[in-house]
Amino acid sequence: MGDTTGKVSLGGKDHEYKVLSGTVGPDVVDIRKFYGDTGAFTYDPGFTSTASCASTITYIDGDEGVLLHRGYPIDQLAEQSSFMEVAYLLLNGELPSKGELDEFVHTITRHTMVHEQLATFYRGFRRDAHPMAIMCGVVGALSAFYHDSTDIDDPQQRTIASHRLIAKMPTIAAMAFKYALGQPFVFPKNELSYTGNFLRMTFSVPAEEYEVDPLIEAAMDKIFILHADHEQNASTSTVRLAGSSGANPFACIAAGIACLWGPAHGGANEAALNMLREIGTPDKIPEYIARAKNKDDPFRLMGFGHRVYKNYDPRAKVMQKTANEVLDKLGVTDPVFDVARELEQIALNDPYFVDKKLYPNVDFYSGIILSAIGFPTTMFTVLFALARTVGWVAQWNEMITDPDQKIGRPRQLYRGATKRDYVPVAKR
Ligand code: SDX
């Protein structure tokens with residue numbers, strides 16, 4: 001449907017605004033002139049009804065539980081594609097030919113090493129530092145290393161910065177894991193796949209050879225695909241807002257990492273597994289369901305609910321299937337998985353969760369797989385950040401090349417003191 005107009009009546013006056021239509025999904029009312037016309041701001045804390053940009057990257061239908069990356073359904077990409085191919089798709093808009101994919105993987109592979117000076121940043125942290133704290137610091141520090149790729153108005157430099165960020169996140173993440181263990185850092189090996197390289201840098205030790213398990217590699221790659229991008233979520237909006245000032249791309253991604261860490265967002269995968277372990281056995285589930293429903297109790301079911309999905313998160317479905325496969329093939333029986341499946345069944349039949357349309361989200365099952373692969377809970381959000389860097393970089397590039405975009409500067413509803421004169425301390 002083409003663009004139409006809508007009328008707003010305020011202060012006894014009618015104001016007309018364009019209603020813009022996308023290729024699919026809700027229309028938007030173009031209110032860019034609203035304050036100039038009416039002298040009033042719109043008010044939307046949490047941006048529940050606000051479109052911050054036009055985008056062609058990812059589309060979510062929260063009611064239907066649909067997630068498309070450049071039009072391709074997430075379940076098809078998870079089952080048939082690879083993380084490197086999805087990265088190319090998110091960055092370039094189309095699936096690559098074999099030659100294009102080989103060239104992209106070749107380029108990314110040759111950016112996986114980090115400057116040796118960067119290793120010294122790790123030694124400033126305590127060994128028990130949370131890996132996400134290390135990621136915030138080290139990725140931000142990349143801003144001090146690559147001055148040849150920070151002119152954001154130069155497409156060539158934007159491309160190099162994008163490739164460097166995607167390529168170095170696995171190395172930085174693996175180094176954070178090794179540092180916590182007190183084990184030596186492991187260099188990337190170019191003959192390995194992106195995900196195989198990450199697993200080797202994470203789990204290999206100098207004392208013996210490490211063979212990448214194809215099952216684990218495939219599961220890890222699928223988990224990266226499921227976390228790659230998700231429209232204008234909190235951390236992506238953080239990256240866009242930071243980037244709108246023309247900030248250094250590495251610093252913008254560090255800002256996204258900081259936002260993702262929160263337990264309401266990417267930190268939920270760590271919180272969800274900790275919650276499932278705290279519940280421990282299915283008989284304890286009713287107690288926690290009651291707490292989640294109690295308004296006076298801040299406890300929420302971690303891994304449940306979503307700002308956009310009011311249906312099953314399609315990523316959670318793929319994640320649950322992958323958890324089954326990995327645990328079966330590894331011969332791992334994790335009682336936490338039984339608790340998760342029982343909790344899901346109980347919650348999905350409880351009127352509180354049904355009425356509020358609360359379903360498992362991407363973070364509900366991911367921790368079970370990551371734990372079975374051998375990651376501690378503190379690394380879960382690091383893996384989320386590793387994968388989401390592709391989405392952040394794609395969205396950052398889109399923001400910079402969008403003619404409608406300018407520095408983000410929201411206004412406010414002021415409820416503080418009105419003008420008053422200063423009173424010297426002797427008179428207070
Ligand atoms: C991610 O945005 C994205 O796309 C994020 C993400 C991505 O890929 O980038 O999908 C990744 O962050 C997934 C979400 C991970 N977070 C969690 O699992 C944490 C637990 N979930 C909640 O904190 C909550 O559901 C949010 C933060 C995810 C969504 O919160 P909203 O949209 O602001 O909804 P809300 O907090 O206003 O909740 C609506 C109602 C409230 O009850 P009322 O005030 O209406 O009576 O539902 C209740 C909430 O109390 N509710 C829950 C609940 N989530 C919401 N009650 C119990 N347990 C929960 N998990």
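Whatever order the structure lists them in is the order used to number ligands and atoms, beginning at 1.
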List the atom pairs, donor and acceptor, that lie under 3.5 Å between side-chain atoms in residues 249-260 and the rest of the protein, sequence neighbours left out.
none

Review item, side-chain donor-acceptor pairs of residues 300-307, under 3.5 Å, at least two apart:
residue	atom	partner	partner atom	Å
H306	ND1	V308	N	2.9
H306	ND1	Y309	N	3.2
R307	NH1	G46	O	2.9

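The local environment of NZ in K293 is crowded, with over 12 non-hydrogen atoms from other residues, nucleotides or ligands closer than 6.0 Å. At most 12 heavy atoms of other shown residues, nucleotides or ligands fall within 6.0 angstrom of atom CZ in F47.
Relative orientation of the Y194 and F83 rings is tilted, given thresholds of 30° and 60° on the angle between their planes.
Contacts of F104 classified as ring-ring contact (aromatic ring centres under 6.0 Å, His included), with partners at least two apart in sequence or in another chain: Y88, H163.
Using a heavy-atom distance under 4.0 Å as the criterion, the protein contacts of ligand 1 are H230, N233, P263, A264, H265, A268, A292, K295, R300, L301, M302, G303, F304, G305, H306, R307, R315, Y352, K356, L358, N361, D363, F384, R388.
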